[in-house]
> 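Below you'll find the structure I mean.
Atoms considered below: every heavy atom in the structure, side chains included; atoms not considered: hydrogens, waters and symmetry mates. Keep in mind that this is a model prediction, so the values were computed, not measured.
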Amino acid sequence: MATKTVTDASFQSDVLDADKPVLVDFWADWCGPCKMIAPALEEISEEMSDQVTIAKMDIMENPDVPGQMGVQSIPYLVLFKDGKPVAQQMGAAPKNALKSWLEGEL
């Protein structure tokens, strides 16, 4: 399953009310490191689709949720379980590092 686009309007249903963990990638089109990790997140989304949903939220198009969460630097990855943020990772990392971090948090 490919990454899912999440908006301010869909955040409650797509992330907080989800029946499995959701990793949200807060990103922006102008962010080079965000573009660097995007292919890795797509691959992880395919490989781990039974365990976690990988979602992307464009902070420029959706300022409300990132503002409420205090997102100040991107890329910023937040893992939500049962509607609550349980782990965060800031900045770009190679796919194997992202996947290992995520597997350790699930």
Side-chain angles (χ1 to χ4, degrees):
M1 164 157 90
T3 56
K4 178 177 197 155
T5 300
V6 176
T7 65
D8 282 336
S10 72
F11 190 79
Q12 179 72 42
S13 61
D14 288 342
V15 178
L16 302 181
D17 297 339
D19 57 357
K20 66 180 175 181
V22 180
L23 179 68
V24 180
D25 171 24
F26 293 96
W27 71 286
D29 192 47
W30 48 262
C31 169
C34 298
K35 291 180 179 180
M36 283 174 35
I37 67 169
L41 291 175
E42 288 289 339
E43 289 177 20
I44 292 169
S45 177
E46 296 288 336
E47 294 167 12
M48 299 180 69
S49 63
D50 57 330
Q51 300 169 56
V52 64
T53 298
I54 309 286
K56 298 177 73 66
M57 177 175 262
D58 186 328
I59 65 166
M60 301 307 287
E61 293 177 8
N62 302 282
D64 295 346
V65 170
Q68 292 166 8
M69 294 195 56
V71 175
Q72 296 181 346
S73 180
I74 54 173
Y76 185 56
L77 305 174
V78 181
L79 179 64
F80 289 84
K81 284 187 192 175
D82 300 319
K84 304 211 176 346
V86 296
Q88 302 86 31
Q89 168 119 352
M90 192 175 303
K95 176 188 170 190
N96 61 346
L98 291 171
K99 188 172 181 183
S100 293
W101 167 74
L102 184 56
E103 287 172 336
E105 297 294 341
L106 288 175

> Any sub-3.5 Å donor-acceptor pair from K56's side-chain atoms to A38's backbone N or O?
no
> Nearest 0.5 angstrom please: L98 CG to E103 CD, how far?
11.0 Å
> I'd like to know whether CG of D17 has more than 12 heavy-atom contacts from other residues, nucleotides or ligands below 6.0 angstrom.
yes
> Tell me whether V52 shares a hydrophobic cluster with V6, the cluster being built from Ile, Leu, Val, Met, Phe, Trp, Tyr side chains joined at under 4.5 Å.
no
> So does L77 get a backbone contact from the side chain of D25, meaning a donor-acceptor N/O pair under 3.5 Å?
no
> Could you pull out the closest heavy-atom pair between T53 and K20, with the gap in Å?
OG1-CE, 3.1 Å
> Atom CD1 in I54, atom OG1 in T3: separation rounded to 0.5 Å?
8.5 Å
> Rounded to the nearest 0.5 Å, what separates atom SG in C34 from atom CG in D58?
9.0 Å
> Which pair of heavy atoms, one from I74 and one from W27, lies closest together, and at what distance?
CD1-C, 3.8 Å
> To the nearest 0.5 Å, what is the distance between CH2 on W30 and CE on M60?
6.5 Å
> Group every Ile, Leu, Val, Met, Phe, Trp and Tyr by side-chain heavy-atom contacts under 4.5 Å, then state whether L16 and L106 land in the same group.
no
> Would you confirm whether N62, through its side chain, and D8, through its main-chain N or O, come within 3.5 Å as a donor-acceptor pair?
yes
> Identify the two heavy atoms, one from P75 and one from I37, that lie closest to each other, and give their separation to 0.1 Å.
CB-CD1, 3.7 Å
> Identify the residue among E43, E42, E46 that makes a salt bridge (charged side-chain N to carboxylate O under 4.0 Å, His left out) with K95.
E43
> Same cluster or not: are V15 and L23 linked, directly or through other Ile, Leu, Val, Met, Phe, Trp or Tyr residues, by side-chain heavy atoms under 4.5 angstrom apart?
no
> Hey, what's the ring geometry for F80 with F11, parallel, tilted or perpendicular (30° and 60° as the breaks)?
perpendicular
> Measure across P85 and V78 and return the closest heavy-atom pair with its distance rounded to 0.1 Å.
CB-CG1, 3.7 Å
> How far does CD1 of I44 sit from CD of Q51, to the nearest 0.5 angstrom?
11.5 Å
> Say you draw a straight line from CG of D29 to CD of E61; how long is it, rounded to the nearest 0.5 Å?
8.5 Å
> Please answer whether the main-chain N or O of S10 pairs with a side-chain N or O of S13 as donor and acceptor at a distance below 3.5 Å.
yes
> Walk me through whether V86 and E105 qualify under side-chain contact (heavy atoms from CB on, under 4.5 Å).
CA-CA 8 Å; V86 296; E105 297 294 341; 5.5 Å; no
> Between L102 and M48, which heavy-atom pair has the shortest distance, and what is it?
CD2-SD, 4.1 Å
> Can M36 be reached from F26 by stepping across I, L, V, M, F, W or Y side chains whose heavy atoms are under 4.5 Å apart?
no
> Working note: D14 + V24, criterion side-chain contact (heavy atoms from CB on, under 4.5 Å); need CA distance, chi angles, decisive distance, verdict.
CA-CA 10 Å; D14 288 342; V24 180; over 6 Å; no
> Minimum heavy-atom separation for D50 and E47, please, with both atom names.
OD1-O, 4.3 Å
